[in-house]
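Accompanying notes for the structure given below.
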Amino acid sequence: MKLNKEMKFEIGRVYFAILGAVVLGIGIAEMLLGVTGRSFEWGIMEMSGEFLLWRGLILFFAGTFYLSSIQNFSDIHQLAKTVMASVMIWIIAGMKIFSMILESIPGGEEGGWFNTLEGFLASYSAPYIPSIFLLPFSLLVLYYIKLVESEEKMDGMKEESQPTGSGGDT
Amino acid sequence: MKLTVDERWDLIDKIAEQVVKYGEYRYRLKDAIADITVKPLTGIPIAIAVLYGFWSFFGAFAGFFTDGFLVKLFDNHWLPWLQEVFPGKGGWLYYIFVGDPAADNCFEAFGVLTSALFVAIGVVLPAIVAFYLFLIILEDTGYLPRLAVLVDTVLHKIGLHGFAVIPMILSLGCNVPAVIATRALETGKQRFMMAVLLAIFIPCGAQLGIMFKVIPGHVGFVMLYLLAGFFVFGFILDRLLPGKSPEILLDVPPYQRPIAKNVTRKLWMRVKSFFKVAIPFVLLGVIIVNLMYLTGFLGWLANLLEPLLCGWFGVPKETVGPLVAAFLRKDLAVAQLSAIEMTMPQLVTSVVLVSLYFPCVATFAMLIREGREGGLKGVSQYLFGGLGALIAVIFLWGGLIRLIWIILGVA
Amino acid sequence: MKILLMGNPNVGKSAIFNRLTGAKVIESNYPGTTVDYTRGYMRLDDEDVEVIDVPGTFSLEPKDVAEEVAVKILKENRDSVVVCIIDSTKLERGLYLALEIIEEGYPVVIALNMWDIAKEKSVWIDAKKLERVLGVPVVPTIAVSGEGIRELVSRIKEASPVDIERIVRNLEG
Ligand SMILES: Nc1nc2c(ncn2[C@@H]2O[C@H](COP(=O)(O)OP(=O)(O)OP(=O)(O)O)[C@@H](O)[C@H]2O)c(=O)[nH]1
Ligand SMILES: [Mg+2]
């Protein structure tokens, strides 16, 4: 079955509404924990560590962006908010992964120059912060960027083929 | 023949009419994103996320090199080896170059080849590289001018507009190029204000890097405190100084994808020029402080300033050594502070003092050079005006932090 | 002979300077990157010519120190060819400075830089026509990829002073 454009955006709308609500909830929870100086662990997920309050605040904004973009979702102004909400999640998750990688390599204060294999693997074990779990779900926005950009390109091609008396060639 | 301004614009209108055709204006996703990054309601949350990214990147990158490898290299290999092979243990030459023969880490050794080299290469180099890497990406994508637009509303209150935030951000790398960058500001008043404020309040990348090492839990607090000082004193200076602060229109360039070659080239150029400024002064700083210590001058100075240091700021008199070193390099001064025995609030206070304190020589020389553009009057404005502001700031803002500790009940 | 690279802020002067001379000055995506001038050298017809990267300015009536530097350099180098770099998406304000320089009697070559962005924004400039109207060489360029730079260089020697009245006449005729 081939989906038409409206349906694709309808699906995106529902999807990002749910994602937005989840992100917003996590953001508020992290902020509350951050303010009270507590932490929380649930299976393989933890809300703790440095800058918890800030991370919560950013997720709170990201969630708000998602939720405010679902009205008129196919409008690019709205989509831009979805994109930036996802970028905000990528920043948090990306930085966490980046620092996890960097921390896994050296041997630590007592060890040798480089980490042992066990130590290396251990630094990637659970629990993880929520943004890492949110990361894959936020990637769907890439699909919509592609969708919109390919349309823009098609419009652009139509226009360029018109003889508009263009200037000197480079 | 020359045209008047109006004739010239008339001519341009006619030319443009003949040679330019605008196609249908298509508003794209790219433009929509560009828009929401400058509108305050959406732009400020995004800016917070970007700054969070900056902060974490800086910590992770610098930590990887410094704590992961360089501390080990310097403390476990370089220091013991030097202490072993350097001739004349106990002599003054040994003291200057290697420092304390009993030290087991490079922070406390205090020698030219130990502390100074460790500070310059072990701590500051990774910090500077991390800082500039991120900054260059912000610059080349075009995010920086958008940040300027966002901060504009706040800077307005202190009579600085538009791209004033760019020298501020640049000075987080090094104050020297930041002072040069003030030339893009409109009036002499704005240039003077900005140059003085950033020389006093904004810690450079080298100093930031070392602060992460020495007071890891308090860097954020110190930054906020300094930033608050920036605005409070900016507000006061704006009222006190004569002159105008005209409005200007901000021109925001489009977003671009950074080009890898440009990024690496700029990184290399900046790190290189940073080191040309930094290395000689770090080495010189240790030599001078060590000589002053050996001749007993430092002890005398410490006793002389004891009432001020202990009485007003509440820090131990031994901080006089780092304060002298701060004339040359602030990163070095902070490193030396960490080797003095004191409580955490005292350490934070003295780090703040070192930051506020007299700008490092390189910045100072650059300030004088900027003043020279305005002739003798300019130089004396930069020299005495700057000095006056500096003294006021140290006493008030440096004293206030002690009050904060007392109120918090920790000192 | 000297070559001065002049233009509004953030139009790509430093980028072109780096292309021409292989020298290294900082180029960044915000106005006011270059606040002091930098000299470099390029080969032109088996000769080393001096090229100066001038800070960006909107007009010859300076508004800040960086612009003062720009005007001072122009006045001090009477014997130079000015390569006037214009952001193709902001042609009008670039032309303002270019006309001022032409009026001062300098030989000028115009580089319509950021040609790629202009295209993206569907701004079409007829470079040939602009060249006929102004009577100075006009070359579209993309400094970051190097497109048009070679042509720009090859046309520097065609530059000669133009009387502004001729431009006015060209427009009417
Ligand atoms: N897409 C595109 N980008 C360009 C072009 N030329 C320059 N740039 C980019 O535009 C930005 C500004 O270039 P600079 O060379 O720093 O501009 P400048 O004229 O020297 O600016 P100031 O020194 O501030 O007056 C940089 O990020 C360049 O990489 C071009 O032709 N196309
Ligand atoms: Mg430049």
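By convention in this document, chain letters (A, B, ...) are assigned in the order of the sequence lines, proteins followed by strands, and residues within each chain are numbered from 1.
- In terms of heavy-atom pairs under 4.5 Å with chain A, the best-connected choice from B:Leu73, B:Asp35, B:Thr37, B:Asp31 is B:Leu73.
- Heavy-atom neighbours of A:Glu50 CD from other residues, nucleotides or ligands within 6.0 Å: at or below the threshold of 12.
- Residue B:Ile36 touches chain A through its side chain alone, counting heavy-atom pairs closer than 4.5 Å.
- How far NZ of B:Lys39 is from NE2 of A:His77: 6.0 Å, rounded to the nearest 0.5 Å.
- Side chain of B:Lys72 to backbone of A:Gly112: a donor-acceptor contact under 3.5 angstrom is found.
- Centroid-to-centroid, the aromatic rings of A:Phe114 and B:Phe69 come within less than 6.0 Å.
- Considering only heavy-atom pairs separated by less than 4.5 Å from chain B, the leading option among A:Lys96, A:Met95, A:Gln78 is A:Met95.
- In terms of heavy-atom proximity, B:Phe64 sits nearest to A:Leu102 at CD1-O, 3.1 Å.
- Within the 4.5 Å cutoff, the side chain of B:Ile46 has heavy atoms near those of the A:Phe65 side chain.
- Side chains of A:Phe51 and B:Trp55 form a contact here, defined as non-hydrogen atoms less than 4.5 Å apart.
- For the atom pair B:Ile33 CD1 and A:Leu79 CG, the distance stands at 7.5 Å (nearest 0.5 Å).
- With a threshold of 4.5 angstrom between heavy atoms, B:Tyr27 approaches chain A through its backbone and through its side chain.
- Closest non-hydrogen pair, B:Leu29 versus A:Val148, comes out as CB-CG1, 4.3 Å.
- When all heavy atoms of B:Ile48 and A:Ile58 are compared, the closest pair comes out as CG2-CG1, 4.0 Å.
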